[in-house]
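Letters A, B, ... mirror the listed sequences (proteins, then strands); counts begin at 1.
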Protein chains: 2
Amino acid sequence: MPTRQTRIQRKNHIAILDAALEVFSLQGFRGATLDEIANVAQISKPNILYYFTSKDAIYTALLTDLLATWLDPLRAIDPEGDPITEIMTYLRCKLDLSRDFPRESRLFANEIIQGAPRLKAVLETELKELVDDKVKIFTIWMNAGKIAQMHPVHLLFSIWSLTQHYADFDAQVQAVSGPSNSPHYADAWGFLELLFTKLLRP
Amino acid sequence: MPTRQTRIQRKNHIAILDAALEVFSLQGFRGATLDEIANVAQISKPNILYYFTSKDAIYTALLTDLLATWLDPLRAIDPEGDPITEIMTYLRCKLDLSRDFPRESRLFANEIIQGAPRLKAVLETELKELVDDKVKIFTIWMNAGKIAQMHPVHLLFSIWSLTQHYADFDAQVQAVSGPSNSPHYADAWGFLELLFTKLLRP
DNA sequence: GTCTATAGACGGATAGAC
DNA sequence: GTCTATCCGTCTATAGAC
């Protein structure tokens with residue numbers, strides 16, 4: 001659109017995306033309904049389709065918004081930095097994302113579990129290139145004896161799975177270790193710090 | 001039912017559950033449709049509802065069947081066994097389950113991500129008791145200096161997340177590290193063996 | 001037991017008044 | 001921009017013939 005949005009337009013736009021995140025992250029694309037999104041957003045269904053051309057458009061908007069935020073911390077790993085510090089910072093950052101943006105994490109998880117129908121292409125190009133780049137850095141660090149020798153790709157997988165677990169499987173975490181959020185994350189950080197300190201030490 | 005099932009009944013029963021597992025594990029409960037299950041099972045939709053009273057009944061049957069298989073390896077951890085061996089065996093068993101039963105893993109993941117509406121009660125009782133029991137064993141092992149000191153619950157979480165990741169996020173794993181299944185799991189085992197050897201060593 | 005046909009509710013999306 | 005009303009397709013589940 002050539003013209004700038006009004007304040008109300010922007011407010012509704014954001015309210016719709018927020019409600020859609022709530023619903024899509026719990027139900028996946030097909031399980032979610034516009035009715036539910038409309039209820040959560042407190043905006044009528046036709047009005048939602050005034051702001052977005054279709055249910056699919058809302059979902060895609062959320063996913064593309066998300067991917068950038070999700071990959072930024074990985075991009076930030078600096079080949080010139082101290083290896084252990086760089087990886088621990090990334091780990092910490094990913095855990096903070098799980099704590100502060102659990103819905104985004106679950107939205108992503110839903111999409112991947114369902115075979116990544118809308119993200120597959122991006123994963124195979126943008127994500128793969130980024131991963132290849134960082135894997136090279138890890139390998140250099142390993143060969144220089146800065147961190148222990150291990151499969152670099154699975155090192156990344158381990159960071160992803162261990163941190164995202166607390167957002168995606170929150171229902172299980174809470175069922176097993178009681179409600180209240182913050183303590184879990186404090187304990188989780190203690191555990192992960194110990195784990196990766198031992199793992200990375202050459 | 002008082003009478004025994006015929007061979008055809010049992011065959012259809014199994015075919016329906018298998019098709020339902022395929023569809024539910026990809027789409028979650030609400031995203032799945034009886035039409036799709038009927039197509040995969042090659043059984044007409046009304047006939048499916050002859051064997052199961054409702055869509056919900058199929059899903060519930062799958063979940064309860066699954067939970068037993070899923071928890072058995074955890075139950076098998078023996079307080080009298082060698083601590084490191086017991087935990088490494090459990091780890092290996094969970095990784096094998098991810099490799100051999102990825103659909104079951106994704107079905108479970110979908111249910112938990114969606115807030116575990118049908119499993120919450122079981123998780124808070126049966127799973128919690130089982131976890132509490134094993135946590136006690138871990139704690140005894142730690143205090144006896146058999147394995148390193150760490151948060152025992154998060155040790156369990158780490159085993160779950162690291163192994164299930166390969167089934168649940170398979171689309172991402174393949175996008176990043178190329179297709180073909182077996183090599184990933186060989187590499188994964190090499191990585192996890194290294195990781196937990198370092199982590200558990202007192 | 002398995003089918004065709006269909007009921008009845010709900011899904012996404014559109015028309016048109018205001 | 002936002003609403004009511006509604007189209008049309010699909011959903012789960014049932015009725016009833018065979």
Report summary line: Taken to the nearest whole Å, CD1/B/I16 to C1'/C/dT2 is 12 Å
Report task. Answer yes or no: does atom NZ of A/K146 have more than 12 heavy-atom neighbours from other residues, nucleotides or ligands under 6.0 Å? Result -> no
Query raised in the report: How close or far is atom C1' of C/dC10 from atom NZ of A/K55, stated in whole angstroms?
Result: 12 Å
Query raised in the report: Is the A/F157 to A/H151 ring centre distance short of 6.0 Å?
Result: no
Query raised in the report: So which nucleotide from C/dA13, C/dG12, D/dA13 ends up closest to the side chain of A/T33?
Result: C/dG12
Report task. Grab the OH-C1' distance between A/Y59 and C/dG12 for me, whole Å please. Result -> 17 Å
Requested in this report: Check whether the side chains of B/S44 and B/N47 place a donor and an acceptor atom closer than 3.5 Å, and report yes or no.
Outcome: no
Query raised in the report: Which one, D/dC11, D/dT2, D/dA13, comes nearest to the side chain of A/Y51?
Result: D/dT2
Query raised in the report: Any idea which of C/dG11, D/dT2, C/dT2 is nearest the B/I8 side chain?
Result: C/dT2
Query raised in the report: Starting at the 5' end of DNA chain C and moving along, which residue's nearest nucleotide shows up first, B/R30 or B/N12?
Result: B/N12
Report task. Under 4.0 Å from any atom of DNA chain D, heavy atoms only: list the residues of residues 37-48 of chain A that qualify, in numerical order. Result -> A/S44, A/P46, A/N47
Report task. Take the protein atom OH of B/Y50 and the nucleotide atom P of D/dA15, then report the distance between them rounded to whole Å. Result -> 16 Å
**Report entry** Rounded distance in Å - CG (B/L49) to P (D/dC11)
**Finding:** 13 Å
Query raised in the report: Roughly, in whole Å, what's the span from CZ in A/F52 to C1' in C/dA13?
Result: 16 Å
Query raised in the report: So, do A/H184 and A/Y166 have ring centers that fall under 6.0 Å from each other?
Result: no
Report summary line: Whole-Å distance, A/F29 CZ to C/dG11 P, equals 14 Å
Query - Touch class at under 4.0 angstrom, heavy-atom based, for B/L34 against every strand present - result: sugar-phosphate
Report task. Start with the C-alpha distance between A/D56 and A/T60, add both sets of side-chain angles, then the distance that settles side chain to side chain donor-acceptor pair (under 3.5 Å), and finish with yes or no. Result -> CA-CA 6 Å; A/D56 209 292; A/T60 305; 3.2 Å; yes
Query raised in the report: C/dA13, C/dT2, C/dG11: which one has an atom nearest the side-chain heavy atoms of A/S54?
Result: C/dA13
Requested in this report: State the NZ-CG distance between B/K55 and B/L34, to the nearest 0.5 angstrom.
Outcome: 6.5 Å
**Report entry** Test: A/K120 and A/E126 ion pair at under 4.0 Å
**Finding:** no
Requested in this report: Please work out if A/A32 contacts a base, only the sugar-phosphate, or nothing of the nucleic acid, heavy-atom cut-off 4.0 Å.
Outcome: sugar-phosphate
